[in-house]
Amino acid sequence: LRRRVLHDAPARVPAAARKRLKRGALTGEIVHEALRWLNWRKMPDQATLDNWLTSYAWTRGGIDDPQIIERARDWVGEALKSQVAAWLRVARRFYRELPFVYATDKRMIHGVIDLLIERPDRSWALVDYKTAYIAPNATQTACARHAERYHLQVGVYAAAVERLLGAAPQVAIYYIRYNRIVTIAPETWRGAVARLENDIGALLIDTANDS
């Protein structure tokens, strides 16, 4: 249900997976993991970065493919030159892998926010990382179109932050593979959250019809 409605559940359970991930998907997982712990304010030296990436690759079965490490290094390097990195360098504070609970009248949703930033003016920005493949050289328009499937997911994140802090954050999806940021307007994510129960209801009906 979380995967089909919120698009934020893992695509696979590693212990149960028998088929190896494709190179691009595996690279994405490694880079996503690295960005959870990387010091965005200072680029590590190549040896240190490669050691980190290699250790992440070990846990995902990609250690025998040096091209994965090379591509992951390139993606991390681009991320550290991105607008997201610029936000972090001047941030008052920021939180990574921030767990939250968002309660509605009918259900309680648990999740983890990739990145929450407090800016110098005390406003907040919420960033969700994506490593999805869209096209060989995806345009900003293509990324924005692809991001539509995540409006509910990031909307729930933003609603949880707004309830906690009393102010709505700027919401951005960062496509690591293409080094592009898609900003989601407040009216867009609010609308997606407002349709949450309808979406879940439709899913449950669809699931019942399939069974």
Side-chain angles (χ1 to χ4, degrees), residues 2-3 6-11 25 27-44 48-49 52-53 55-56 72-102 109-134 138 140 143-144 146-186 188-190 192-193:
R2 287 187 64 87
R3 178 159 171 73
L6 295 181
H7 295 276
D8 72 339
T27 304
E29 285 198 5
I30 293 169
V31 173
H32 196 287
E33 183 69 20
L35 294 183
R36 290 175 175 174
W37 311 113
L38 193 66
N39 181 356
W40 286 71
R41 293 175 172 175
K42 182 181 179 182
M43 178 69 172
T48 300
L49 179 59
W52 290 349
L53 296 175
S55 69
Y56 298 142
R73 184 196 310 131
D74 291 341
W75 288 10
V76 170
E78 289 299 310
L80 290 174
K81 295 183 289 185
S82 69
Q83 186 63 46
V84 175
W87 293 344
L88 285 166
R89 290 188 183 103
V90 298
R92 289 173 53 84
R93 52 183 167 163
F94 60 89
Y95 303 93
R96 292 183 285 191
E97 294 296 297
L98 184 66
F100 73 89
V101 177
Y102 179 70
I109 301 171
H110 298 254
V112 178
I113 296 169
D114 284 337
L115 182 62
L116 185 63
I117 304 168
E118 185 181 18
R119 292 187 165 128
D121 63 0
R122 297 184 183 274
S123 65
W124 293 85
L126 184 158
V127 181
D128 189 64
Y129 307 141
K130 298 298 179 192
T131 58
Y133 176 81
I134 301 173
Q140 184 70 24
C143 289
H146 188 272
E148 292 174 2
R149 70 193 64 192
Y150 302 119
H151 287 175
L152 176 56
Q153 177 197 344
V154 296
V156 170
Y157 294 178
V161 170
E162 182 177 36
R163 184 174 292 177
L164 177 65
L165 300 177
Q170 177 187 4
V171 178
I173 296 177
Y174 177 46
Y175 281 90
I176 297 170
R177 185 189 294 254
Y178 307 104
N179 198 20
R180 294 189 182 277
I181 296 174
V182 176
T183 301
I184 311 301
T188 300
W189 63 257
R190 289 185 194 281
V193 173

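What you see is a predicted model, and the numbers here were worked out from it, not measured in a lab.
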### Message
Can you list everything that forms a salt bridge (Lys or Arg N to Asp or Glu O under 4.0 Å) with Arg180? Sequence neighbours excluded, please.
### Response
none

### Task
State which residues pass salt bridge (Lys or Arg N to Asp or Glu O under 4.0 Å) with Asp128; sequence neighbours excluded, sorted by chain then number.
Lys130

### Message
If I take atom CG from residue Asp114 and atom CG from residue Leu126, how far apart are they, to the nearest 0.5 angstrom?
### Response
8.5 Å

### Query
Closest heavy-atom contact between Thr131 and Gly28?
CG2-O, 3.4 Å

### Query
At their closest point, which heavy atom of Ala158 faces which heavy atom of Pro169, and how far apart are they?
O-CD, 3.8 Å

### Query
Residues two or more places apart in sequence or in another chain: which of them pass side-chain hydrogen bond (donor to acceptor under 3.5 Å, both in side chains) with Thr183?
none

### Task
Report the residues that fulfil side-chain hydrogen bond (donor to acceptor under 3.5 Å, both in side chains) with Arg89, sequence neighbours left out, ordered by chain and then residue number.
none

### Task
Identify, with sequence neighbours excluded, every residue that meets salt bridge (Lys or Arg N to Asp or Glu O under 4.0 Å) alongside Arg96.
none

### Message
I'd like to know if the side chain of Tyr157 reaches the main chain of Leu152, judged simply by a donor and an acceptor atom lying under 3.5 Å from each other, with no hydrogens or angles considered.
### Response
no

#### Entry: salt bridge (Lys or Arg N to Asp or Glu O under 4.0 Å) partners of Arg163, counting only residues at least two apart
none

### Query
Can you name the side-chain contact (heavy atoms from CB on, under 4.5 Å) partners of Ala160, sequence neighbours left out?
Phe100, Tyr102

### Set of side-chain contact (heavy atoms from CB on, under 4.5 Å) partners for Ala144, sequence neighbours left out
Val182

### Message
Restricting to side-chain hydrogen bond (donor to acceptor under 3.5 Å, both in side chains), what partner residues turn up for Glu97, sequence neighbours left out?
### Response
Arg36

### Summary
By ring-ring contact (aromatic ring centres under 6.0 Å, His included), Tyr175 pairs with (sequence neighbours left out) His146

### Query
Considering residues at least two apart in sequence or located in another chain, which fulfil the side-chain contact (heavy atoms from CB on, under 4.5 Å) criterion with Leu98?
Tyr95, Ile113, Leu116

### Message
If the condition is side-chain hydrogen bond (donor to acceptor under 3.5 Å, both in side chains), which residues does Tyr129 pass it with, not counting sequence neighbours?
### Response
none

